[in-house]
Amino acid sequence: MLELKNVSAGYDGIDVIKDISLSLNYGENLCILGPNGCGKTTLIKAIAGLIPCKGKILVEGKDIGNMKRKEIASKIAVMSQLSSIFFSYSVYETVLLGRYLHMKGVFKGPTSYDKRCVEKCLKAVGLYEQKDKQINELSGGQLQRVFLARTLAQEPNIILLDEPTNHLDLKYQAELIDYLKEWSKEKGHSIVGVLHDINLAMRLGDKFLILEEGRIVSCGSANKAVTSNVLNKVYSMDVVGFMLDSLKKWEMLSEF
């Protein structure tokens, strides 16, 4: 479904990611881990075709370098960490923007299917009751869920996520990760997600890519890629020890 062959990309002629190669099958989710500045977001932008790259990025066997922007958007949807609000649309109208790619003709309005799709996506993120609210009235967490619903409404084959749980409380973090995992399995689609929270990454991912200074340190299933040695090296700390210490404290609390 998705294949990267010796991909390098960056800004102003300087490569941030270097010689990245990987493959992802239908229904597989890839989580990208690594410290700040290691190239995670740059890799997401390259896969989305938002920045030029060296090497090849293939979606369903087709090089995105030979695809038009609209064709890429029909296959790949991107939900960035931050989104700017330029106009005060309603929640419903904002999610409907994800359907415009599928509407035929300049003056063609939404079909009944478009409307059902929007309603389904709003229910999935728990915002159907707020569909008539203006988005500038929402909290940061609610706004993030609106943008996720808009991404889902695009009906892509691949969703690229850059910190999808940013601004969300713990309940919605878990619910969104679980929904995304279910979405990928039921539809035969795939998710590529940048996550800082290793616990959430382990909950979502089937495969893991760990970057350091723009290069692959490890890539594969959890038991192969996410080892204590790799994590300690990349994050410059005893990650597993930190996790186990936290677990002990939670176990103590559960006894009361």
Residues which pass side chain to side chain donor-acceptor pair (under 3.5 Å) with [X], listed by chain and number, not counting sequence neighbours:
{"X": "Ser23", "result": "none"}
{"X": "Lys171", "result": "Glu175"}
{"X": "Asp178", "result": "Arg203"}
{"X": "Thr42", "result": "Tyr11"}

Look at the side chain of [X] and the backbone N and O of [Y], then say whether any donor-acceptor pair between them is shorter than 3.5 Å.
{"X": "Arg69", "Y": "Gly49", "value": "yes"}
{"X": "Arg145", "Y": "Gly126", "value": "yes"}
{"X": "Ser184", "Y": "Ser190", "value": "no"}
{"X": "Asn6", "Y": "Ile20", "value": "no"}
{"X": "Asp245", "Y": "Gly241", "value": "no"}
{"X": "His189", "Y": "Trp183", "value": "no"}
{"X": "Tyr235", "Y": "Gly34", "value": "yes"}

[Y] and [X] side chains, donor-acceptor separation under 3.5 Å:
{"X": "Asp19", "Y": "Ser8", "answer": "no"}
{"X": "Ser221", "Y": "Asn223", "answer": "yes"}
{"X": "Gln130", "Y": "Tyr92", "answer": "no"}
{"X": "Ser90", "Y": "Gln134", "answer": "no"}

Got a sec, which residues hit side-chain contact (heavy atoms from CB on, under 4.5 Å) with Glu212, two or more places apart in sequence or on another chain?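 Residues passing side-chain contact (heavy atoms from CB on, under 4.5 Å) with Glu212: Val217, Lys233, Val234.
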* Under 4.0 Å between a Lys/Arg side-chain N and an Asp/Glu carboxylate O for Asp162 and Lys40? ->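 No.
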So that I can tick it off, tell me whether Lys56 and Glu3 are bridged by a salt bridge, with the cut-off set at under 4.0 angstrom between side-chain N and carboxylate O.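 Lys56 and Glu3: not salt-bridged.
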In Å and rounded to the nearest 0.5 Å, what is the [atom1] to [atom2] distance from [X] to [Y]?
{"X": "Leu30", "Y": "Asp206", "atom1": "CG", "atom2": "CG", "value": "9.0 Å"}
{"X": "Ile158", "Y": "Tyr26", "atom1": "CD1", "atom2": "OH", "value": "8.0 Å"}
{"X": "Leu122", "Y": "Leu127", "atom1": "CG", "atom2": "CG", "value": "6.5 Å"}
{"X": "Leu231", "Y": "Leu33", "atom1": "CG", "atom2": "CG", "value": "7.5 Å"}
{"X": "Ile64", "Y": "Ile76", "atom1": "CD1", "atom2": "CD1", "value": "6.0 Å"}
{"X": "Thr151", "Y": "Leu160", "atom1": "OG1", "atom2": "CG", "value": "9.5 Å"}

Decide yes or no on salt bridge (charged side-chain N to carboxylate O under 4.0 Å, His left out) for Lys5 and Asp63, but give the supporting numbers first. CA-CA 10 Å; Lys5 296 182 178 181; Asp63 191 338; over 6 Å; no
Note to self: Side chains of Ile198 and Leu200, heavy atoms from C-beta outward: is any pair under 4.5 Å?
What the structure shows: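 With C-beta onward as the side chain, the pair stays apart.
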Tell me, do Ile17 and Asp15 make a side-chain contact under 4.5 Å, heavy atoms counted?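 Ile17 does not reach Asp15 side chain to side chain.
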- Message: Test: salt bridge (charged side-chain N to carboxylate O under 4.0 Å, His left out). Region: residues 115-144. Which pairs qualify, not counting sequence neighbours?
- Response: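 Salt bridge (charged side-chain N to carboxylate O under 4.0 Å, His left out) check on residues 115-144 returns no pairs.
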**Prompt:** Are there more than 12 heavy atoms of other residues, nucleotides or ligands under 6.0 Å from atom CD of Glu213?
**Reply:** no
